[in-house]
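Only one structure is covered here, and it is reproduced in the block below.
Here the structure is a predicted model, which means the values were calculated and not measured. Along the sequence shown, the residues carry numbers beginning at 1.
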Amino acid sequence: MSIEAPAPLANMGQPAPRLDARAKVTGIARYAADLPVQNPAYAFLVMSVAAPATIAAFNLDAARAVPGVLDIMTFENSADAVKKAKLFSDGGEASTSIKPLSSNKVWHEGQIIAVVIADTFEGAREAAHKVGVRYDATQPAATFDARGVTVEEGSHAVSTHKDATAGNFHRAFTDAPVKVEASYSTPTQHHNPIELFSTTCSWDGDKLTVREPSQTMYGLKNGIASQLGIEADNVRTLSPFVGGAFGSKGSLTPRTALIAVAAKRLNRPVRLVATREQGFTVSTYRAETRHRVQLGANKDGKITALGHEGWEVTSRADGYLVGGTDTTARLYDIPNVETKVYVVRADRSTPGFMRSPPEVPYIFALESAMDELAVSLNMNPVELRKINDTQVERIEGRPYSSRSLIPCFEQAAAAFGWKDRKPEPGSMRDGDWLVGWGCATACYPSQFAPAAARVRVTADGRVTVSTATHEIGTGAYTVMAQTAAEKLGVPLESIMMQLGDSDLPPAPVAGGSISTGSVGSAVAMACDAIRKELDAPGGNIVDALNAKGRGAVENLAEWVPNGSSIGAAGKLYKGSAQIVGGTKNKDHIMFAFGAEFVEVRIHARTREIRVPRITGAFAAGHIVNPRTARSQLMGGMIWGISSALHEATEIDPRTAGYVNRDLAEYLVPVNADIGKVDVIFVPETDTTVNPIGVKGLGELGNVGTAAAVANAVYHATGKRIRDLPIRLDALLA
Ligand code: MOS
C-alpha cells in the first residue's frame, strides 16, 4: 500500500485505482466538448462592458462582413427565444433569473448581450470583437459599501432561510466573564476548472441533444425543456466526464438555451466553448461575505453565548444566499445563540455554488473567533473544542447521527505533533522564519436525495450499472462499481459503469456531497433486489444466475432517503432533487467532521508566507474507497489553503467588472505553494444516514482550512488577520 492508496481501516472499502484513470491520462476520455457532432458551427459570446445599462443600439455591419458568419443573436431578434428560468433555490434548475437577450436591459458587466455563430471558431471570435454596441449606462454599485447597494434580511430574500436562535443570547453575552467580538470578511472567488464552460447542441427534428459538462443530467434536461417550451422527453443531455465542477456546473446557466436556439435557427449543430475570461460571468461564483461574531464564555472555557451575523453580496435580480449560520449555530454546545443573515444587492451577476458554499466563509469566521477565544482564555484551542463538544445540537435539540469531532482532533493533533507547540505567538522561530501552528474544525452536512439506478447481470459474468449521476472528478465511476461488486460478490473488473446520460435512470445533482451516499444506496438496493430475485443471499451472483439457468437479471431501484416528501422520487425524474439530511431531518442532525492542523512559516523580514505542512483527520461514516476519498480531502485542504492565502477576484468599482479574470492574475496555488498534505481517516460507523453508511466527503476537506491557516499566522506573528486572503502586505505594517 502506498500513501496514495491507504490501507483500509475499520468500515472502509478497498483503495481501488480509478476505473477511468487510464482513459483520463491517455486522453481517451471524452469530455462534453470532445463529443463528435457533424458539421458544427461555432458560437462566440459577446459580453457587456457597461452595466447597469440599456442597449441603445447595435452596429452589426462589420461583424456580419466577416467571412463565414451565419447568425448574430441579440435581443432584437431573439427576445422571445428563451421562456423562463425557475431558480434552483425554488426547486427549479436555473442559476439565475437573468435572461440574456430577453430585452435591452443589462444587469451586470459580463452579461451575454449577443451570440455570434460562424463556420469557424476564429470567424465567430473575430466577428464578436467587431460587434458595435452603444449603451445608456449608469454608475454600478459593485459590492459592499458602494453607493446604491441595498441590504435585505436573508429570510426576506429567500423564503426557506430561517435565522437560528436559542436561549437568550444578549443576556448570556452581557454576563459572560470572557468575551470575543470581531468582524471577518471573505472575498469574491471564481471557479477556474481546467475544463472550460462549453455547450454543444444539435437537433434531429424536434429532438434536442445537449452536450455540456454538468453536475445534473436531469436538471439540465428538464430545465432546458422548460426554458425552450418543449417536452422534456425530447431532450437528451450528455456529460460523460467533467473536468472540474465544484458547483459551477450544478445549475443551468443562461448560455445553454441560447446555444440550443442558435442550433435550431441554423438547423445545424452549434458548439460554444466560452473563454476563461468569459467563464467569470458565464457561470456562478462565491460571493464576498462579512461576519460579526460574538462569543461569550466562562473562565473554564465553557461557551455560553454565540452571536453570528453574516452579510452576503448578491445580484439585483436574485436573492441568492448560502446562510452558513445554519451550521455555525449548531456546531458547539452553546445554549444561547442568535444569528442573522443579510443579503446585499449589487449590480453583479448572481452568485452560486462553490465547494462547501455555506461552510467555507462562515466556518472561517467562527473558527477564527474560537481561536481568539482560546487566546483570551489562555487555553489550548484543542481543549476549547473538547469542552464545548456535544452529541446533541442546541437549536432544535436533535442528536447527531454520529459525531467524531474530538477523535479527529486527537488523531490529527497526535500526528501533527501539537503537544510540542509553544503557545506564545512568535515563540517558535527557526532562524529567519517565524513558525506558527494553528488548527480548526472541518464539518459538512451529510445530505442525501432520491436516486435511481439500474443493475443488470448477464450469464457471461458481466454486470452493468446505469445511473445518470456524474463523474466530476470525485471517483463516481469507481465507487459506484465497488459498491455493486461488493454487493454482488463479483470482481470489480466485471462491472461496466454507465453515467452522465439523461437516458439512464435519474440521479440527483452531484452537489452537496450527496452522490456516494445517495446513488450508492440506489445501486446497493438494486443489487439486493437481484440477490432476492435469484434467492442467493451470498456468493457470486453470476454463479447463482447460471445455476438457475437464467440468461440475465435486471433491477431498477429507487432509493428515497428518510425525511423526503411524498413524491420526491417522482420529482427526481422532473429534474429536481429534494435534498434532506444535514440540518433538515426531524430525528437527527447529520454531519461529517474533521480537524485540520497547519504549520506556516513566515519570513521575519519579507513576511513571505509558506505552508510546509497540513494534517487533516476526518470521519465520514463508511469510506467506500480510501484512495479516492483521500484525493477529495487532500484537494479540499489545498483549496482551503488557496482560499486562505491566494484566491480573490478583484473588482473594478467603476464598472463592477472583474479585473483578474485569467489564471495568470487569479491566484491559485501551484505545486511549489503546497508542502506535505497528510490525510488521516478516523473510522466511524453510522447506521442512520443510509443503508451503506456513507456520509459523503466531497466538500468536507476545504472547510475550516482558512481559519487553521489564519490561526497559524497569528501564532507565528501575533497578528490576527480577519480578512481573506492573507497576503504578506497585511503582515508588514
Ligand atoms: Mo457542490 S458546491 O454542492 O458542487
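Here the side chain of Glu699 pairs a donor or acceptor atom with the backbone of Ser513 at under 3.5 angstrom. Gln215 places a side-chain N or O within 3.5 Å of a backbone atom of Ala510 that can act as its donor or acceptor partner. A donor-acceptor pair is defined here as one N or O able to donate and one able to accept, closer than 3.5 Å; no such pair exists between the side chain of Trp639 and the backbone of Arg355. Under a 3.5 Å cut-off, the side chain of His161 and the backbone N or O of Leu321 do not form any donor-acceptor pair. Panel note: side chain Asp326, backbone Gly323; no donor-acceptor pair is recorded below 3.5 Å. A donor-acceptor pair under 3.5 Å is formed between the side chain of Glu312 and the backbone N or O of Val322. Here the side chain of Lys571 pairs no donor or acceptor atom with the backbone of Ala577 at under 3.5 angstrom. No donor-acceptor pair closer than 3.5 Å links the side chain of Thr327 to the backbone N or O of Glu359. Counting only distance, with no hydrogens or angles, the side chain of Asp318 and the backbone of Ser97 share a donor-acceptor pair below 3.5 Å. Side chain of Thr314 to main chain of Val343: no donor-acceptor pair is present (N/O by atom type, distance under 3.5 Å, no hydrogens or angles).
With rounding to the nearest 0.5 Å, the separation of OG in Ser248 from CE in Met354 is 7.5 Å. Once rounded to the nearest 0.5 Å, the distance linking CZ of Phe173 with CG of Leu306 reads 10.0 Å. To the nearest 0.5 Å, the span separating OG on Ser349 from CD on Glu109 amounts to 9.0 Å. The distance from atom CG of Leu87 to atom OG of Ser95, rounded to the nearest 0.5 Å, is 8.0 Å. Distance check, rounded to the nearest 0.5 Å: CG of Asn104 to CZ of Phe58 gives 9.0 Å. Between Asp347 atom CG and Thr138 atom OG1 the span is 7.0 Å, to the nearest 0.5 Å.
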Tyr658 vs Glu650, side chain to side chain contact (heavy atoms under 4.5 Å, CB included): CA-CA, chis, key distance, verdict: CA-CA 6 Å; Tyr658 303 127; Glu650 307 297 341; over 6 Å; no

Full working for side chain to side chain contact (heavy atoms under 4.5 Å, CB included) between Val106 and Thr54: CA-CA 6 Å; Val106 181; Thr54 51; over 6 Å; no

Apply salt bridge (charged side-chain N to carboxylate O under 4.0 Å, His left out) to the pair Glu181 and Arg292, showing each step before the final yes or no. CA-CA 7 Å; Glu181 203 167 349; Arg292 176 137 195 86; 3.1 Å; yes

Any chance you could lay out the side chain to side chain contact (heavy atoms under 4.5 Å, CB included) test for Val180 and Val293, step after step, and finish with the verdict? CA-CA 8 Å; Val180 163; Val293 180; over 6 Å; no

Check step by step if side-chain hydrogen bond (donor to acceptor under 3.5 Å, both in side chains) holds for Gln447 and Lys584. CA-CA 9 Å; Gln447 307 178 116; Lys584 298 186 187 79; 3.2 Å; yes

Show the numbers, then the answer: is there a side chain to side chain contact (heavy atoms under 4.5 Å, CB included) between Ile230 and Asp206? CA-CA 9 Å; Ile230 61 176; Asp206 57 5; over 6 Å; no

Audit row: Thr199, Glu212, side-chain hydrogen bond (donor to acceptor under 3.5 Å, both in side chains) steps and yes/no: CA-CA 5 Å; Thr199 301; Glu212 181 172 303; 2.7 Å; yes

Determine, stepwise, if the pair Asp119 / Arg268 fulfils salt bridge (charged side-chain N to carboxylate O under 4.0 Å, His left out). CA-CA 10 Å; Asp119 278 325; Arg268 179 174 167 183; 2.8 Å; yes

Show, in sequence, the C-alpha distance, side-chain angles and deciding distance for His308 and Thr328, and conclude whether the side-chain hydrogen bond (donor to acceptor under 3.5 Å, both in side chains) test is met. CA-CA 8 Å; His308 192 162; Thr328 58; 3.1 Å; yes

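A heavy-atom distance below 4.5 Å is found between the side chains of Val360 and Arg286. Side-chain contact between His646 and Pro725 is absent, with no heavy atoms from C-beta onward closer than 4.5 Å. Counting only heavy atoms from C-beta outward, the side chains of Tyr320 and Thr350 approach each other to under 4.5 Å. With a 4.5 Å cut-off on side-chain heavy atoms, Phe364 and Leu724 count as touching. Using a 4.5 Å heavy-atom threshold, the side chains of Tyr362 and Thr325 count as touching. Side-chain contact between Val270 and Thr200 is absent, with no heavy-atom pair separated by less than 4.5 Å. Here the side chains of Arg330 and Thr583 are in contact, with some heavy-atom distance below 4.5 Å. Residues Ile113 and Tyr135 have side chains in contact (heavy-atom distance under 4.5 Å, counting atoms from C-beta outward).
The ring of Phe353 has its center closer than 6.0 angstrom to the ring center of Phe88. When ring centroids are compared, Tyr285 and His191 stay outside the 6.0 Å threshold. The distance between the ring centers of Phe280 and Tyr666 falls below 6.0 angstrom.
Surrounding NZ of Lys162 are at most 12 heavy atoms belonging to other residues, nucleotides or ligands under 6.0 Å away. Summarising the local packing, CG of Asp80 is surrounded by 12 or fewer heavy atoms from other residues, nucleotides or ligands at distances under 6.0 Å.
Contact record, Tyr31 with Val242: CE2-C, 3.6 Å, taken as the closest heavy-atom pair. Between Gly352 and Thr284, the shortest heavy-atom distance links the atoms CA-CB, 3.6 Å. Among all heavy-atom pairs drawn from Ala32 and Arg271, the shortest one is O-NH2, 4.3 Å.
Ion pairing between Lys86 and Glu93 fails under the 4.0 Å rule for side-chain N and carboxylate O. Between Arg727 and Asp729 there is no salt bridge, since none of the side-chain N atoms of the basic residue sits less than 4.0 Å from a carboxylate O of the acidic one. We find that Arg348 and Glu288 are joined by a salt bridge, their nearest charged nitrogen and carboxylate oxygen being less than 4.0 Å apart. Ionic pairing of Glu195 and Lys249 is present here: one or more N-O contacts between side-chain nitrogen and carboxylate oxygen are shorter than 4.0 angstrom. Between Arg722 and Glu372 there is a salt bridge, since at least one side-chain N of the basic residue sits less than 4.0 Å from a carboxylate O of the acidic one. Using a cutoff of 4.0 Å between basic side-chain nitrogens and carboxylate oxygens, Glu665 and Arg661 are not scored as salt-bridged.
The side-chain contact (heavy atoms from CB on, under 4.5 Å) check on Thr120 picks up Glu122, with sequence neighbours excluded.
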Output side-chain donor-acceptor pairs under 3.5 Å for residues 61-71, partner residues at least two apart or in another chain, one line each.
unit_1, atom_1, unit_2, atom_2, d
Asp71, OD1, Arg265, NH2, 3.1
Asp71, OD2, Arg265, NE, 2.9
Asp71, OD2, Arg265, NH2, 3.2

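One side chain, Thr186 or Thr289, offers a donor N or O that lies under 3.5 Å from an acceptor on the other. Side-chain contact of His170 with Glu338: a donor-acceptor pair under 3.5 Å is present, judged by distance alone. With hydrogens and angles left out, the side-chain atoms of Arg211 and Ser202 include a donor and acceptor closer than 3.5 Å.
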